[in-house]
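This report concerns only the one structure given below.
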Amino acid sequence: MSNFFDSDIVKQTIEELDELQAQIISEMFFLSSFSKEKKKDHLRLLRDFLEKQKLFIFRISLSDDEDAVDMMESILESAKFLGYGEINSVEKFFEKLNETIQKLEKTIDD
């Protein structure tokens, strides 16, 4: 691991993101049985996760550490794999994810 990923704050952030992701994934199996309010809570959790990821990736983007640069490239490649082929920046990726969450919120309110 590189110096960037050896940082205590980076390790703490990764751990927090892992915990949120685990919670999101565990709830996904039960979404169809959730009440309207519980679905909204789940989307709030997704938004929180998204915002924390955004800050973490911004931190990565400021680093010239080789492993951090590699991770940034991997993130952009993953975005393309997920169907966001037009994405050429992390900002655009998060913008698209936010749009997806907004669409989901509208379906809950309908």
Side-chain angles (χ1 to χ4, degrees):
M1 263 258 161
S2 65
N3 291 334
F4 179 82
F5 291 101
D6 288 336
S7 162
D8 287 340
I9 192 147
V10 169
K11 288 179 182 179
Q12 180 182 359
T13 302
I14 290 171
E15 185 176 311
E16 186 176 352
L17 287 169
D18 283 345
E19 290 171 6
L20 282 171
Q21 184 175 5
Q23 182 179 353
I24 289 167
I25 290 169
S26 70
E27 287 183 3
M28 286 177 67
F29 297 108
F30 305 103
L31 281 176
S32 62
S33 65
F34 280 1
S35 67
K36 192 177 197 178
E37 196 55 43
K38 184 69 175 164
K39 287 179 183 177
K40 288 181 180 182
D41 288 343
H42 183 76
L43 287 177
R44 282 189 280 275
L45 183 63
L46 282 172
R47 280 196 186 280
D48 187 36
F49 179 67
L50 185 65
E51 192 59 34
K52 289 179 188 301
Q53 277 188 322
K54 192 176 184 179
L55 291 172
F56 180 65
I57 290 173
F58 178 72
R59 187 177 289 136
I60 289 172
S61 73
L62 296 176
S63 176
D64 60 358
D65 179 274
E66 187 177 322
D67 288 340
V69 170
D70 289 345
M71 179 174 271
M72 182 63 76
E73 290 173 6
S74 177
I75 290 166
L76 290 174
E77 285 302 311
S78 294
K80 290 176 185 173
F81 176 77
L82 293 172
Y84 296 107
E86 76 283 0
I87 292 176
N88 55 9
S89 71
V90 174
E91 293 82 18
K92 186 75 170 168
F93 176 63
F94 282 106
E95 182 182 309
K96 288 292 188 183
L97 290 176
N98 192 45
E99 288 173 12
T100 301
I101 291 174
Q102 288 175 349
K103 288 177 186 175
L104 290 170
E105 286 174 330
K106 287 180 183 178
T107 64
I108 291 173
D109 290 332
D110 292 343

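Note: hydrogens, waters and symmetry copies are ignored here, and every other heavy atom, side chains too, is used.
Taken together through direct or relayed side-chain contacts under 4.5 Å among Ile, Leu, Val, Met, Phe, Trp and Tyr, Leu62 and Phe56 form parts of separate hydrophobic clusters. In the hydrophobic clustering of this structure, Phe49 does not group with Leu55; members are Ile, Leu, Val, Met, Phe, Trp, Tyr whose side-chain heavy atoms approach within less than 4.5 Å, directly or through other members. A continuous path of hydrophobic side-chain contacts links Met28 to Ile101 [ILVMFWY only; heavy atoms under 4.5 Å]. Under a hydrophobic clustering in which Ile, Leu, Val, Met, Phe, Trp and Tyr are joined whenever their side-chain heavy atoms come within less than 4.5 Å, directly or via other members, Val69 and Ile60 fall into different clusters.
With respect to Asp41 and Lys38, no salt bridge is recorded, no charged nitrogen being found less than 4.0 Å from a carboxylate O.
Between Phe34 and His42, the angle of the ring planes goes over 60°, which puts this pair in the perpendicular group of the 30/60° scheme.
You'll find the side chain of Arg59 reaches within 4.5 Å of the side chain of Phe4, heavy atoms only. Side-chain contact between Glu51 and Phe94 is absent, with no heavy atoms from C-beta onward closer than 4.5 Å. Counting only heavy atoms from C-beta outward, the side chains of Gln102 and Asn98 approach each other to under 4.5 Å. A 4.5 Å side-chain heavy-atom check between Phe58 and Lys54 finds every atom pair outside the cut-off. The closest side-chain heavy-atom distance from Lys52 to Thr13 is not below 4.5 Å. For the pair Phe5/Lys11, no side-chain contact is recorded, criterion being any heavy-atom separation below 4.5 Å from C-beta on. Using a 4.5 Å heavy-atom threshold, the side chains of Met71 and Ile57 count as separate.
Rounded to the nearest 0.5 angstrom, Glu15 CD and Leu20 CG are separated by 11.0 Å. Of the inter-residue distances, the one linking Ile24 atom CD1 with Gln21 atom CD reads 7.0 Å to the nearest 0.5 angstrom. Note that CG of Leu97 is 10.5 Å distant from CD of Glu95, once rounded to the nearest 0.5 Å. Rounded to the nearest 0.5 angstrom, Asn3 CG and Glu66 CD are separated by 11.5 Å.
Within a 6.0 Å sphere centred on CG of Asp18, heavy atoms belonging to other residues, nucleotides or ligands number more than 12. Few gaps surround CG on Leu31; more than 12 heavy atoms of other groups in view lie less than 6.0 Å from it.
With Ser26 contributing its side chain and Gln23 its backbone, the two residues share a donor-acceptor pair below 3.5 Å. Within the 3.5 Å criterion, the main-chain N or O of Leu104 finds a donor-acceptor partner in the side chain of Thr107. In terms of modelled atom types and a separation under 3.5 Å, the side chain of Ser74 and the main chain of Asp70 share no donor-acceptor contact.
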Practice prompt. Evaluate the criterion salt bridge (charged side-chain N to carboxylate O under 4.0 Å, His left out) for residue pair Lys39 and Glu105; output intermediate values, then yes/no.
Written response: CA-CA 9 Å; Lys39 287 179 183 177; Glu105 286 174 330; over 6 Å; no
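Closest approach of Leu45 to Glu27, counting heavy atoms only: CD2-OE1, 4.0 Å.
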